[in-house]
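See structure below.
Chain A is the first sequence line, chain B the second, and so forth, proteins listed ahead of strands; every chain is numbered from 1. What you are looking at is a predicted structure, and each value in this text was computed from that prediction instead of being measured.
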Protein chains: 2
Amino acid sequence: MAGIKDVAEAAGVSVATVSRALSGRGNVSASALAAVQQAAAELGYVVSSSASGLASGRTRNIGVLVPVINHWFYASVLEGICTALMREGYDTTLYQLSKDPKQRDRVFSDFLQRQRVDAVIAINVELSEDELVALHALNKPLVGVGGPLPKVPTLHVDDEAVSALATEHLISLGHSRIGFIGGSLETDVDFQVPSHRRIGYERALAQAGIEVDPALIVGADFTMAQGYEVAKQLLGNPATRPTAVFAVSDEMAIGAILAARDLGLSVPQDLSVVGVDDHELAALFSLTTIQQLPHEQGEMAVGMLMRAIRGQEPAMAHQVEHRLIVRGSTTRPPL
Amino acid sequence: MAGIKDVAEAAGVSVATVSRALSGRGNVSASALAAVQQAAAELGYVVSSSASGLASGRTRNIGVLVPVINHWFYASVLEGICTALMREGYDTTLYQLSKDPKQRDRVFSDFLQRQRVDAVIAINVELSEDELVALHALNKPLVGVGGPLPKVPTLHVDDEAVSALATEHLISLGHSRIGFIGGSLETDVDFQVPSHRRIGYERALAQAGIEVDPALIVGADFTMAQGYEVAKQLLGNPATRPTAVFAVSDEMAIGAILAARDLGLSVPQDLSVVGVDDHELAALFSLTTIQQLPHEQGEMAVGMLMRAIRGQEPAMAHQVEHRLIVRGSTTRPPL
DNA sequence: ATGAAAGCGCTAACAT
DNA sequence: ATGTTAGCGCTTTCAT
């Protein structure tokens, strides 16, 4: 392993100059820069992250907190983060926060305390008061994606507006009996998001002068399987069946489409369905949805962090765009 | 930030003893151990990874190479790895290998050279000759999960046996016209796996004395959408339609089920379908499948790596279990 | 079993 | 613009 000394020797300069040339901090003449770069390339020199980190306090590594990985939203955000960080020359270190309190504890008391990361991105994690305190005590730039964290600048769609838009789309088509498949209370994975989305739905109904019917509101855990289950209950009784369903995730919306099919209902003739996400499966099911772009959210989060790290500006909360994508799952209500 | 000196002082011992006590290397008396542990706990002392890494050469961090994150198999393996590593006190650093050659290059020439990781796990990545050389040149423990890498001990299911089992299941039900939805040649994401799976399919047919019909063999990219597309072609012509389909991933199998439905075919009455994976959606579609457990594969990979790191044994290639899970998508062929 | 001290490979303050 | 050098916070050898 070539070290900085070897490069200095080969380039005929001091180690300080090599350090300056390679890190871009401090003044280096063009000739020295060139000599250093060539020597480094020839020797295959790469700075040791431990040594550099110890001396400078900067690790070029970002910690990412996620509740789960194996889920479209989280995995998409993570990909965006990873791609953007790599472009900046940063590593991505992953900390999965399970429900196990001991394991969670260790993340905050050990893993994040090791000085391995320069900053932290939290993807839609719900933290206890203590955990939040611990996170802030790190005294490092912090950015959230998804569920808003108290005192943490967060990137997220306007959940109320998303729901209102979806609901308004159905109302504008002539629907008035609109079912709502929201999150369930136990699902802390998407904390806060569920309630905001429900508020948007009710607001849109209210604005259209439609009364909220509690019988049309059900909850599920954001998965296709549970979406299917609750939709079957919601749609099973022909007397009370809604003419449209708004599900707060595409996976649940697809579950509802499958349930409708199994009940002999055609989508969209007998039932219109709208989801949220623009999941990769949405097109296959011709699902009308409100698009959010998690990959882009991940990249934006990195952008915010980089600016904060460079001290250019403190990160600030930020709403990201959403838009209605109309596909084949919505139409006018049956006569 | 409390440092090792503070702990030493508080515990009334030298820094060397603190280091030994906390790392479990070298002899420490029970009394010194207790004093150190208490002092460390009181001060909230956590070793600095940079300082420890620089001095010892060990980082307590593992690099994970993945081609994509947002995919059931990869995300599941990653979760398993992350969980298991955390249990061992290790961090997980993620390197996504895109198709962009410059970006890939940087992973091998920069990111992995920074001495930030003690070992590397590669999940189903296909590497060029140069990349393999670079990886081995790290001189660190290496383990693969999924697609076998030359000279890298790898954990994977026996793809031929998986396919043979799925095909034999259909044959035993009485099917002889069995369609095959395999991988496509361009799909390097799952390199090698596709061809092994096809071999197993053909072997099972041959053993049953059934001739391979090339018209029944199609390829897709492992996604539900493409599975749907190719299945429609395969099933569209009633004259040549198979009575069963074996798809080498559950997502493609589900795509085939959806295609069958849209063609007015009932599963399993008109068409039996078998997949591979035991994807989280398999149960919802009542899909018969060959289960592989990627989460467990991730955990096992960590186990192998830990043993290699501790010098207990060199990691060795290893086949992981698979088993047939019979659900409702397979039955006897129509009369 | 313990302590003193020499690095680990780099960065940054200081001097020139 | 460049070099000299003192750490960064720990581990480990060596001595005891």
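Comment: A:R60 does not engage A:E88 in a salt bridge, judged by the lack of any side-chain N to carboxylate O separation of less than 4.0 angstrom.
Counting to the nearest Å, the C1' atom of D:dT2 and the CG atom of A:L33 are 14 Å from each other. Atom pair B:R20:CZ and C:dG3:C1' shows a separation of 7 Å (rounding to whole Å applied). The distance between atom CG of B:L22 and atom P of D:dC10, rounded to the nearest whole Å, is 10 Å. Between B:L54 atom CG and C:dG7 atom P there is a gap of 14 Å when expressed in whole angstrom units. For the pair B:I4 CD1 and D:dG9 P, the interatomic distance rounds to 12 Å; values are reported in whole Å. In this entry the distance linking CG of A:L43 with P of C:dC10 reads 12 Å, nearest Å. The interatomic distance linking A:R25 (CZ) with C:dA13 (P) rounds to 10 Å, in whole Å. The NZ atom of A:K5 sits 13 Å away from the P atom of D:dT5 (whole-angstrom rounding).
Both A:A16 and B:V28 lie close to DNA chain C; mapped to their nearest nucleotides by heavy-atom distance, the more 5′-ward contact belongs to B:V28.
Of the possible donor and acceptor atoms, none in the side chain of B:Q113 sits under 3.5 Å from a partner among the backbone N and O of A:V46.
Remark: the B:D118 side chain and the B:T59 side chain contain an N/O donor-acceptor pair separated by less than 3.5 Å.
Out of C:dA1, D:dC10, C:dT11, the shortest distance to the side chain of B:A55 is found at D:dC10. Side-chain proximity of B:V15 to the nucleotides C:dA5, C:dG3, D:dT4 is greatest for C:dA5. In the set C:dC10, D:dA1, C:dT11, C:dT11 carries the atom at the smallest distance from any side-chain atom of A:S56.
You'll find the side chain of A:L132 reaches within 4.5 Å of the side chain of A:H136, heavy atoms only.
OP1 or OP2 of D:dC10 has not a single side-chain nitrogen or oxygen of B:S50 nearer than 4.0 Å. A sub-4.0 Å separation between OP1 or OP2 of D:dG9 and a side-chain N or O of B:S48 is absent. Listed pair B:T17 / C:dT2 fails the phosphate criterion, with no side-chain N or O lying under 4.0 Å from OP1 or OP2. Under 4.0 angstrom from either OP1 or OP2 of D:dG3 there lies at least one side-chain N or O belonging to A:S14.
B:M316 CE: 12 or fewer foreign heavy atoms inside a 6.0 Å radius.
Residue A:R58 is classed as a sugar-phosphate contact, given heavy-atom separations below 4.0 Å to backbone atoms only. If you check every strand for non-hydrogen atoms under 4.0 Å, A:S52 touches sugar and phosphate atoms only.
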